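Not measured: the values here are computed from a predicted model.
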Amino acid sequence: MRDSRLDPLFAEATTLPGVGPKVAKALGRLLPDARPEGPRVVDVLFHAPSGAIDRRARPTISELVAGEVATLEVEVERHQPPRSPRAPYRVVVADPTGAMTLVFFRAQAGYIERLLPLGEKRWVSGAPELFDGAFQMVHPSHVLDAEGLAKLPPVEPTYPLVEGVTHGLLARTARAALERTPELPEWQNAAFLAQRDFPGFRTALETLHRPRRPGDVAPEGPALTRLAYDELLANQLALQLVRARMRRLGGRATVGDGRLSRKIEAALSFALTGAQTRAVAAIRADLASETRMLRLLQGDVGSGKTVVALLAAATAIEAGRQAALMAPTEILARQHLATLEPLAATAGIRVAVLTGREKGRERASLLMRLEAGEVDLIVGTHALFSDDVAFRDLALAVVDEQHKFGVRQRLALASKGAAVDVLVMTATPIPRTLVLTTFGDMDHSALDEKPPGRTPIDTRLVSLERLDEVYGAVGRAIENGARVYWVCPLVEQSETLDVAAAEDRFGALSEAFPGRVGLVHGRMKGAEKDAAVARFVSGETPILVATTVIEVGVNVPEATVMVIEHAERFGLAQLHQLRGRVGRGAGRSTCLLLWKGPLGETAKARLETLRDTEDGFVIAEKDLELRGEGEVLGARQSGAPVFRLARLETHGALVRVAHDDAGLILSRDPNLTGERGQALRLLLHLFERDAAVRLLRAG
Ligand code: ADP
Ligand code: MG
């Protein structure tokens, strides 16, 4: 149960004055963390300003500087209504030092007359500009009488906006939300706060939404940094609570005798890389130990994680137990099955697949065999989480491309056996800071050494205006026997539009290359997808148009050309993943990033990074650096948790501090029952780590 002191913060935003259903709806679009049911008071509070306008300057007209916000007292001298409907309404105002013009477009005469009565004094605030040698102010932000001026905040916060929401509305709503914010007991260490000069939680929010100086809202300022630290600490506490819980559940020693692994290694057409060998050894040691394994296997696309997973499974199977491999999509599950089956067969390992597609009698019989222990290794999708899936003795769960699964699901799979060891594989290289925020204290192996014999991918940036040339190049490539992926972008996060874009491209390419083009997208049925991929592999349709369903994992070594349309719409990590689909065989591969201008600075930097390097870790660091500016489509799927207040490009250094702090806190007060512990529970609720609090009670 959440402490009732937090109730006002978790009340609907519509309980705030001035927030009706319409405003709430607009706010819901603005605040990405708001629940579908609508935003709450806390969502408004945690929507930090992106800047602030200083309205303290009080120059005379003669002292105005173009572009610098000024607030000045003037007398209304003359109204000049527009002569034509398109012309602006002008009002000439003056002070003892000179005159200037206020300009209003599409304004109602009556409104302007009431706003600026002739001969009266008013305060106007806005940014003046020079026009024909005289100052004018277009749509002053404020026109006030003396009473209004007294209420004008000296520094006005400005916020990221969407249509239907103004700075004024957000500022008012945030101030109302502040009124509802109770004084809460301090959860941070007093000495730490003093040393960093951090304000208290409530004061920090107050400083953000009622700034006194423009610097008060700066991301690196004490107010936002304090709140970011709160959020990072909540994140680290939650991760470490899950970890502690896993540890308390205890583990079981699974020791293999190496007989199956040896057969598999002998059947491989290559030798393991040093990194693979080290990862396998670390996993075997984890399996053999009495504590429960929770290990992250990180490796760039093509670094050879699959074989590591198979050798891990072989160890569990040698010990007479079972293993499961979970993939995020049906295509991937089947792909894993196709790669693993022949190798497994040489060692006599019995493999089966379970996805949403297995139904009825087939599924029932599979489940029976699984429960009877007649299947050693099961490969599947979410379907493996179903309640009726039971194992005889599950020892190891390998979760591929983990970012598509949540912590809850990870725990669900782990609960399908006595002390299941968990290996999480991810192909998204994650910068050190993000490893901590995403996975916390997980043990960690990195495949930082590519299998030998790969040639670099020739990556080029091509304007979409040169589409004809791209068609020409694609034509030549398929004549030479190449396979070409053609990826169409996400369109405004709408699957329907995605599919439409891919279908259009499919149509256009089919006209140019009749009968040689296939299509695969997220709306197709499993069997259709398989068939499309199979025709691609066989070379029947050497061009495969796809939405980002091929993003993760699909392995067609024959594919040597990757065309990504509207590359500027993808995140860097995603582009890197996509490019990783080629360059898997020994042949020379090409990646064409088709962009549509005009390109912003960030988009340009992103594409150039990709052209210049193939090192996933370099790309990941760069991604983090660039992420601050403008949200990238798909960034939310990139696996990193999305923080509400913390910005890793600014507050990244605090992640390590929060990590160590959380460790210390839990070592002293593992159930958060002490005075500070109680306060920290409030913190966990505030940042909605409620699941972590539940672990506390259970423990
Ligand atoms: P990923 O890490 O992206 O899952 P895969 O496991 O799919 O990579 O491996 C990519 C390709 O590299 C596969 O065709 C696999 O057989 C091959 N491979 C894996 N390890 C090695 C190695 N040590 N030497 C050569 N090829 C390897
Ligand atoms: Mg893979």
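Considering only heavy atoms from C-beta on, Trp123 stays 4.5 Å or farther from Val143 through its side chain. Two residues are said to be in side-chain contact when any heavy atoms from C-beta on lie closer than 4.5 Å; Pro153 and Arg175 meet this criterion. Contact annotation: the side chain of Arg196 approaches that of Val657 to within less than 4.5 Å [non-hydrogen atoms, C-beta and beyond]. In this structure the side chain of Leu648 reaches within 4.5 angstrom of the side chain of Val655, judged on heavy atoms. Taking 4.5 Å as the limit, every side-chain heavy atom of Pro8 sits out of range of all side-chain heavy atoms of Thr181. Two residues are said to be in side-chain contact when any heavy atoms from C-beta on lie closer than 4.5 Å; Val41 and Phe10 fail this criterion. For the pair Ile665/Asn189, no side-chain contact is recorded, criterion being any heavy-atom separation below 4.5 Å from C-beta on. Side-chain atoms of Pro182 and Arg202, non-hydrogen and from C-beta on, never get closer than 4.5 Å to each other.
Across every non-hydrogen atom of Pro222 and Asp197, the tightest pair is CB-O, 3.7 Å. Smallest separation of non-hydrogen atoms from Ala48 and Leu224: CB-CD1, 3.9 Å. When all heavy atoms of Pro199 and Ala223 are compared, the closest pair comes out as CG-CA, 4.1 Å. Across Gly18 and Val23, no two heavy atoms sit closer than the pair O-CG2, 4.0 Å. The two residues Pro157 and Leu208 come nearest to each other via the heavy atoms CB-O, 4.1 Å. What you find for Arg689 and Ala238 is that their closest heavy atoms are CG-CB, 3.8 Å.
Environment of CZ in Phe192: crowded, with over 12 heavy atoms of neighbouring residues, nucleotides or ligands closer than 6.0 Å. Other residues, nucleotides and ligands place no more than 12 heavy atoms under 6.0 Å from the CG atom of Asp387. The local environment of CD in Gln678 is crowded, with over 12 non-hydrogen atoms from other residues, nucleotides or ligands closer than 6.0 Å.
The CG atom of Leu680 sits 11.0 Å away from the CG atom of Leu686 when rounded to the nearest 0.5 Å. Taken to the nearest 0.5 Å, the NE2 atom of His167 stands 4.5 Å off from the CG atom of Leu161. With values rounded to the nearest 0.5 angstrom, Arg2 atom CZ is found 5.5 Å from Asp7 atom CG. Going from atom CG of Leu184 over to atom CG of Leu6 covers 6.0 Å, rounded to the nearest 0.5 Å. Interatomic distance, Thr355 OG1 to Leu384 CG, rounded to the nearest 0.5 Å: 9.0 Å.
A salt bridge links Asp660 with Arg656: the closest approach of a Lys/Arg side-chain nitrogen to an acidic carboxylate oxygen falls below 4.0 angstrom. With respect to the salt-bridge test (charged N to carboxylate O, under 4.0 angstrom), the residues Arg212 and Glu206 do not qualify.
Using a distance-only test at 3.5 Å, with no hydrogens or angles considered, no donor-acceptor pair links the side chain of Gln236 to the main chain of Ala662. A donor-acceptor pair under 3.5 Å is formed between the side chain of Arg681 and the backbone N or O of Leu672. Proximity of a side-chain donor or acceptor of His47 to a complementary backbone N or O of Pro160 within less than 3.5 Å is detected. Under the 3.5 Å distance criterion, the side-chain polar atoms of Asp43 are matched with a main-chain donor or acceptor of Arg40. Thr166 places a side-chain N or O within 3.5 Å of a backbone atom of Leu169 that can act as its donor or acceptor partner. A donor-acceptor contact shorter than 3.5 Å is absent between the side chain of Asp216 and the backbone of Thr207. With hydrogens and angles ignored, the 3.5 Å screen pairs no side-chain donor or acceptor of His382 with any backbone N or O of Gly356.
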Exercise. So Val91 and Tyr89, side chain to side chain contact (heavy atoms under 4.5 Å, CB included) or not? Walk me through it.
Worked result: CA-CA 7 Å; Val91 180; Tyr89 195 115; 3.9 Å; yes
Problem set entry | Steps toward side chain to side chain contact (heavy atoms under 4.5 Å, CB included) verdict (Leu144, Ser125) | CA-CA 8 Å; Leu144 306 161; Ser125 184; 5.9 Å; no
Exercise. Does the pair Thr426 and Gln298 meet the rule for a side chain to side chain donor-acceptor pair (under 3.5 Å), with working shown?
Worked result: CA-CA 5 Å; Thr426 171; Gln298 221 193 119; over 6 Å; no
Problem set entry | Test log, rule side chain to side chain donor-acceptor pair (under 3.5 Å), inputs His566 and Glu568 | CA-CA 5 Å; His566 281 297; Glu568 78 282 356; 2.9 Å; yes
For this session: Go through Asp230 and Arg644 one step at a time and tell me if the salt bridge (Lys or Arg N to Asp or Glu O under 4.0 Å) criterion holds.
Result: CA-CA 11 Å; Asp230 283 340; Arg644 316 176 78 174; over 6 Å; no
For this session: Applying side chain to side chain contact (heavy atoms under 4.5 Å, CB included), run through Val398 and Met425 and close with a yes or a no.
Result: CA-CA 7 Å; Val398 182; Met425 303 201 294; 3.9 Å; yes
For this session: Would you please test Phe46 and Leu205 for side chain to side chain contact (heavy atoms under 4.5 Å, CB included) and show each step?
Result: CA-CA 8 Å; Phe46 285 174; Leu205 286 169; 4.3 Å; yes
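Judged by distance alone, the side chains of Thr650 and Glu220 never bring a donor and an acceptor atom under 3.5 Å apart.
Residues passing the salt bridge (Lys or Arg N to Asp or Glu O under 4.0 Å) test with Glu179, sequence neighbours excluded: Arg210. Applying the side-chain hydrogen bond (donor to acceptor under 3.5 Å, both in side chains) criterion to Arg56, with sequence neighbours excluded, gives Asp54. Contacts of Glu156 classified as salt bridge (Lys or Arg N to Asp or Glu O under 4.0 Å), with partners at least two apart in sequence or in another chain: Arg55. Qualifying ring pair (Phe, Tyr, Trp, His ring centres under 6.0 Å) partners for His139, counting only residues two or more places apart in sequence or in other chains: Phe104. Under the side-chain hydrogen bond (donor to acceptor under 3.5 Å, both in side chains) criterion, Asp3 pairs with Arg5, sequence neighbours left out. Looking at residues two or more places apart in sequence or on another chain, you find a side-chain hydrogen bond (donor to acceptor under 3.5 Å, both in side chains) between Arg295 and Asp286, Ser445. Partners of His209 by ring pair (Phe, Tyr, Trp, His ring centres under 6.0 Å), not counting sequence neighbours, listed by chain and number: Tyr159. Arg180 is linked by a side-chain hydrogen bond (donor to acceptor under 3.5 Å, both in side chains) to Thr15, counting only residues two or more places apart in sequence or in another chain. Remark: Ala605 pairs with Leu626 by the side-chain contact (heavy atoms from CB on, under 4.5 Å) rule, at least two apart or across chains. Residues satisfying the side-chain contact (heavy atoms from CB on, under 4.5 Å) test with Val103, not counting sequence neighbours, are Pro88, Arg90, Thr101, Phe105, Gln136, Val138. Contacts of Glu113 classified as salt bridge (Lys or Arg N to Asp or Glu O under 4.0 Å), with partners at least two apart in sequence or in another chain: none. For Leu193, the side-chain contact (heavy atoms from CB on, under 4.5 Å) partners two or more places apart in sequence, or in a different chain, are Glu186, Gln188, Phe198, Arg226.
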